[in-house]
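Proteins come first, then strands; the chains are lettered A, B, ... in the order of their sequence lines, and each starts at number 1.
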Amino acid sequence: MAKRTLIADLLQQPEAGGDYTVAGWVRSTRASGDVAFIVLNDGSNLSGIQLVLERATVTNFENHSKLGTGTALQVSGELVPSPAAGQQLELRVTALTVVGESNPDYPLQKKRHSFEYLRSIAHLRPRSNTFGAVFRLRSRLAQAIHQFFSERNFLYVHTPIITASDCEGAGELFRVTTLPPNGAPRNEGGSIDFSHDFFGQKTGLTVSGQLEGELFAQSFGNIYTFGPTFRAENSNTARHASEFWMIEPEMAFSNLADDADLAEEFVRYLCSFALEQCAEDMTFFDQQIEKGLIERVHSVAQANFARMEYGDAITHLQKAPVSFNFPVEWGLDLQTEHERYLTEQVVGGPVFVLNYPKDIKAFYMRQNDDGRTVAAMDLLVPKVGEIIGGSQREERLDQLEQRINEMDIPKEPLWWYLDSRRWGSTPHAGFGLGFERLIMYLSGMENIRDVIPFPRTPRHAEF
RNA sequence: UCCCCAGUAGCUCAGUCGGUAGAGCGGGUGACUGUUAAUCACCAUGUCCGUGGUUCGAGUCCGCGCUGGGGAGCCA
């Protein structure tokens, strides 16, 4: 097909003039006497471009002035200044080809639809304004994440998706098996004998790449993972999906303070990136999705993140002149309502809460000298609460084994993880960030199902 | 998994006291010399989520089920 110019690039032209070919899908058609206007969008930007069809210069004007929403078109014409308000430039069409027809059954009309309805047509919703903006932002952010770590010489490691370890206990595993649903080989006790399974053992989809990431940090220093993660939890909320993407950096020769420094730099970098590189889409979110979004993201990009000990956070909450639904007491985990109070009311901006009681945190977190806390951190931000969770890892073999025993975790499957503490063990730290939650935070979108192209949630794996 | 709410035209919704369905948008036809998810006129559109019940009569009341949404837990 003829070489086409992306509409986003076309509108970057410093001045009108010149002939161009563009191709995309019709968003709306407005006909008026001898002139018709078509808004054409090719996904490269939010606004698309206005095509002008004049009866005198376009063949088959009668039909072309009635093209329905969703029609795929390729058009050629001259880039001219627009005499009307609403756009600087427009394309005066000289040739038009209908590449793919549409019809009135097209489920996306030129009107506002509910997100629930659009979710039911996830194969078509990227052609809408909101989802076009969301998925452009998602793509740019993914690249920005790689850029951030690449600029700092972090090694990008692909940790396995199929795993035999459920060490973190981060959630229910999706089973991976080739055994027949009925008639799987059994042990004497009646349980399934996984030694006959494809991998010769019980396997599932990964719930985190962290443990493998730690191994690579012990070779390359600074590393990160960025890939899909799976949890078979029956969570029915706007913040959970069964399949989501996670970013997990890990740094050798580093402690909890270094970890928080990296997390702060990372979040501020991504906020600035979105504002600068996705300006048109961010303006759309600010106007249509969440009023004040740009100001909120801007303030985070500028802020120095506060740091607060868990114990101090508890004191703040106990002194709070509001009543919470959940109890506040040293030793209990913070609920969303507590997290939001801390970041929104106490601090008025992003805050790290540091050094949590060891009994509410994972086995691999480094035990502090006080004997009752571990070097864990959560980054809390206004509106959503926790956005990042991380820790300094326990690098001392004795303490790690002791904790594994205390928590009644099977040690044998972790032999390789423990080996990393046997030879050349180093203090190291890292964190995890859910990619979808980042997109929600930067776009103002409130449902995780609306920031991932084809969401997988309990009872849903369509498309 | 628990609690709450909802399901009516293609979409967004209204529907009073239980009396047999109605707006906008979208669609069709036409008008209009530059529109901005145009405007104006006319036209068409229904398994009222399913199922059982109460009733002379159910979109409306009740039971059960299904689906969706919100909140919580778990967490990222």
A.B. asks: Under 3.5 Å, is there an N or O donor on one side and an acceptor on the other linking the side chain of Q50(A) and the base of rU35(B)?
C.D. replies: yes
A.B. asks: Kindly point out which of rC75(B), rG34(B), rG69(B) is positioned nearest to the side chain of H240(A)?
C.D. replies: rC75(B)
A.B. asks: Record whether the side chain of S235(A) comes under 3.5 Å of the base of rC74(B) through a donor-acceptor pair of N or O atoms.
C.D. replies: yes
A.B. asks: Side chain of R30(A) only, heavy atoms from C-beta on: which candidate in rU36(B), rG68(B), rG34(B) is closest?
C.D. replies: rU36(B)
A.B. asks: Could you tell me whether E243(A) and R231(A) make a salt bridge, using a distance below 4.0 angstrom between a side-chain N and a carboxylate O?
C.D. replies: no
A.B. asks: When you compare rC5(B) with rC61(B), how far apart are their P atoms, in angstrom units rounded to a whole number?
C.D. replies: 13 Å
A.B. asks: Determine the Euclidean distance between corresponding C1' atoms of rG15(B) and rU60(B); express it in Å to zero decimal places.
C.D. replies: 9 Å
A.B. asks: Can you tell me which nucleotide in rG73(B), rG34(B), rA38(B) comes closest to the side chain of S32(A)?
C.D. replies: rG34(B)
A.B. asks: Mind checking the P distance from rG68(B) to rG28(B)? Whole angstroms is fine.
C.D. replies: 32 Å
A.B. asks: Please test T21(A) against T5(A) for side chain to side chain contact (heavy atoms under 4.5 Å, CB included), starting from the C-alpha separation and ending with a verdict.
C.D. replies: CA-CA 6 Å; T21(A) 297; T5(A) 303; 6.0 Å; no
A.B. asks: Out of rG71(B), rG34(B), rU12(B), which has the shortest distance to the side chain of A238(A)?
C.D. replies: rG71(B)
A.B. asks: Tell me which donor-acceptor pairs under 3.5 Å the side chains of residues 13-20 of chain A have, and how far apart each pair is, sequence neighbours excluded?
C.D. replies:
| from | atom 1 | to | atom 2 | distance (Å) |
| --- | --- | --- | --- | --- |
| Q13(A) | OE1 | Y20(A) | OH | 3.3 |

